[in-house]
Amino acid sequence: MVNSPGDRPRSPAIASCDVVLATPFFRVMAKHLDEPPRGEPYYSLDQLDYVSIVAVTSDGSLVLVRQFRPAVEAMTLELPAGHVELGQSPEDAARAELIEETGFKAENLRRLGCLRPDTGRLANRMWVYFADAGERSEGWRQEPGLEVVVATPAEFSGWLRDGAFDHALHVASFYLAVQAGCLRL
């Protein structure tokens with residue numbers, strides 16, 4: 001039997017929450033529930049929200065970045081992205097990250113959605129935006145270790161198929177852009 005939304009049981013609540021480890025980049029939180037199962041705390045990471053930007057140039061090409069990621073010990077192909085700093089709006093963060101990482105200014109910026117990166121361990125959100133990438137800013141300098149990659153939709157589609165573009169959150173961002181009618185492959 002399937003429960004209707006009105007038949008949902010009460011969700012447990014967090015009875016207590018302690019900071020186990022704090023770094024400049026994240027905090028490890030120990031959370032205890034107010035009802036069984038009790039015992040060991042549930043650990044999660046508290047960190048700043050993310051933004052990811054699906055940016056397209058006037059000729060329909062996608063703007064990507066390639067960089068080395070120590071966590072996976074590999075060069076990765078990704079969307080322009082970054083953190084929403086404290087006191088910054090997600091939209092302002094998206095505009096800033098696009099220009100900082102690629103030199104492209106967002107002519108038009110459209111919010112596509114807000115996703116939860118990992119409901120099992122991460123407490124933050126990822127704000128997804130679509131941008132019409134205008135001209136490159138004069139005086140922009142490429143960040144060391146970061147390569148801007150401008151790809152046709154056919155090239156990008158191939159990278160999705162063969163796993164060269166495999167950042168799960170960014171694949172989801174791209175999918176939101178397709179669903180919103182911003183892109184076609």
Side-chain angles (χ1 to χ4, degrees), residues 11-34 39-55 62-106 109-131 133 136-137 139-149 159-160 163-177:
S11 296
I14 303 300
S16 66
C17 183
D18 302 305
V19 177
V20 177
L21 172 71
T23 78
F25 306 103
F26 62 86
R27 298 182 310 165
V28 176
M29 309 300 290
K31 298 180 179 185
H32 297 272
L33 299 178
D34 67 346
E40 290 295 313
Y42 179 85
Y43 294 99
S44 64
L45 294 177
D46 182 37
Q47 58 190 15
L48 296 173
D49 283 357
Y50 311 139
V51 292
S52 66
I53 306 97
V54 179
L62 289 125
V63 179
L64 309 169
V65 295
R66 182 178 287 124
Q67 60 187 313
F68 182 76
R69 291 296 195 177
V72 295
E73 301 178 12
M75 293 295 289
T76 62
L77 191 58
E78 306 174 6
L79 296 174
H83 288 107
V84 179
E85 300 299 333
L86 294 175
Q88 185 180 42
S89 73
E91 181 176 333
D92 287 344
R95 288 183 186 283
E97 289 295 338
L98 181 62
I99 203 163
E100 176 185 310
E101 292 189 356
T102 70
F104 285 99
K105 182 178 179 185
L109 193 65
R110 175 180 170 192
R111 191 178 93 183
L112 300 177
C114 183
L115 303 174
R116 294 179 183 186
D118 178 353
T119 58
R121 290 285 176 236
L122 302 178
N124 66 333
R125 297 170 293 181
M126 183 179 74
W127 301 87
V128 181
Y129 288 88
F130 177 81
R136 275 222 167 117
S137 297
W140 173 78
R141 297 214 188 281
Q142 189 166 309
E143 289 183 38
L146 191 77
E147 175 191 354
V148 178
V149 177
W159 295 335
L160 278 171
F165 187 89
D166 65 353
H167 188 313
L169 295 176
H170 292 184
V171 172
S173 298
F174 180 76
Y175 179 73
L176 286 178

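Atoms considered below: every heavy atom in the structure, side chains included; atoms not considered: hydrogens, waters and symmetry mates.
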How far apart are the C-alpha atoms of Val149 and Trp159, what are their side-chain angles, what is the distance that settles it, and do they pass the side chain to side chain contact (heavy atoms under 4.5 Å, CB included) test? CA-CA 12 Å; Val149 177; Trp159 295 335; 3.9 Å; yes
Given side chain to side chain contact (heavy atoms under 4.5 Å, CB included), test Met29 with Leu45 step by step and report yes or no. CA-CA 6 Å; Met29 309 300 290; Leu45 294 177; over 6 Å; no
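Between the CZ atom in Arg110 and the CZ atom in Phe130 there is a gap of 8.5 Å [rounded to 0.5 Å]. Interatomic distance, Asn124 CG to Leu48 CG, rounded to the nearest 0.5 Å: 8.0 Å. The structure places CG of Leu98 at 8.0 Å from CZ of Phe104, a figure rounded to the nearest 0.5 Å.
With sequence neighbours excluded, the residues forming a salt bridge (Lys or Arg N to Asp or Glu O under 4.0 Å) with Arg66 are Glu147, listed by chain and number. Under the side-chain hydrogen bond (donor to acceptor under 3.5 Å, both in side chains) criterion, Asp46 pairs with Arg27, not counting sequence neighbours. Not a single side-chain hydrogen bond (donor to acceptor under 3.5 Å, both in side chains) links Arg136 to another residue, sequence neighbours left out. With sequence neighbours left out, Ser173 forms a side-chain hydrogen bond (donor to acceptor under 3.5 Å, both in side chains) with Ser52. By the salt bridge (Lys or Arg N to Asp or Glu O under 4.0 Å) test, Glu100 is found to be paired with no residue, residues two or more places apart in sequence or in another chain being considered. The side-chain hydrogen bond (donor to acceptor under 3.5 Å, both in side chains) search around Asp49 returns Arg125, Trp127, not counting sequence neighbours. Take Phe174 and apply the ring pair (Phe, Tyr, Trp, His ring centres under 6.0 Å) test, not counting sequence neighbours, and it matches Phe156. Residues forming a side-chain contact (heavy atoms from CB on, under 4.5 Å) with Asp118 (at least two apart in sequence, or on another chain): Arg121, Leu122. Listed by chain and number, the residues in a side-chain contact (heavy atoms from CB on, under 4.5 Å) with Leu176 are Leu112, Leu115, Val128 (sequence neighbours excluded).
Among residue pairs with one or both ends in residues 70-79, those qualifying as salt bridge (Lys or Arg N to Asp or Glu O under 4.0 Å) are Arg69-Glu78; sequence neighbours excluded. Listed by first then second residue, pairs satisfying side chain to side chain donor-acceptor pair (under 3.5 Å) with a partner in residues 83-95 read Ser89-Asp92, Glu91-Arg95, not counting sequence neighbours.
What you find for Pro80 and Leu64 is that their closest heavy atoms are CD-CA, 4.4 Å. Across Pro90 and Val51, no two heavy atoms sit closer than the pair O-CG1, 3.5 Å. Of all heavy-atom pairs between Val54 and Ala177, the closest is CG1-CB, 4.0 Å. Heavy-atom minimum distance, Leu79 versus Val65: O-CG2, 3.9 Å.
Side-chain contact check for Phe165 versus His170: some heavy-atom pair is nearer than 4.5 Å. The shortest distance between side-chain heavy atoms of Lys31 and Ser44 falls below 4.5 Å. Counting only heavy atoms from C-beta outward, the side chains of Val148 and Trp140 approach each other to under 4.5 Å.
Side-chain contact annotation: Glu40 with Tyr43, donor-acceptor N/O pair under 3.5 Å absent.
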For residues 12-24, run the donor-acceptor check on the side chains, cut-off 3.5 Å, and write out each pair with its distance to 0.1 Å, sequence neighbours left out.
from	atom 1	to	atom 2	distance (Å)
Thr23	OG1	Phe25	N	3.0
Thr23	OG1	Phe26	N	3.0
Thr23	OG1	Phe26	O	3.0

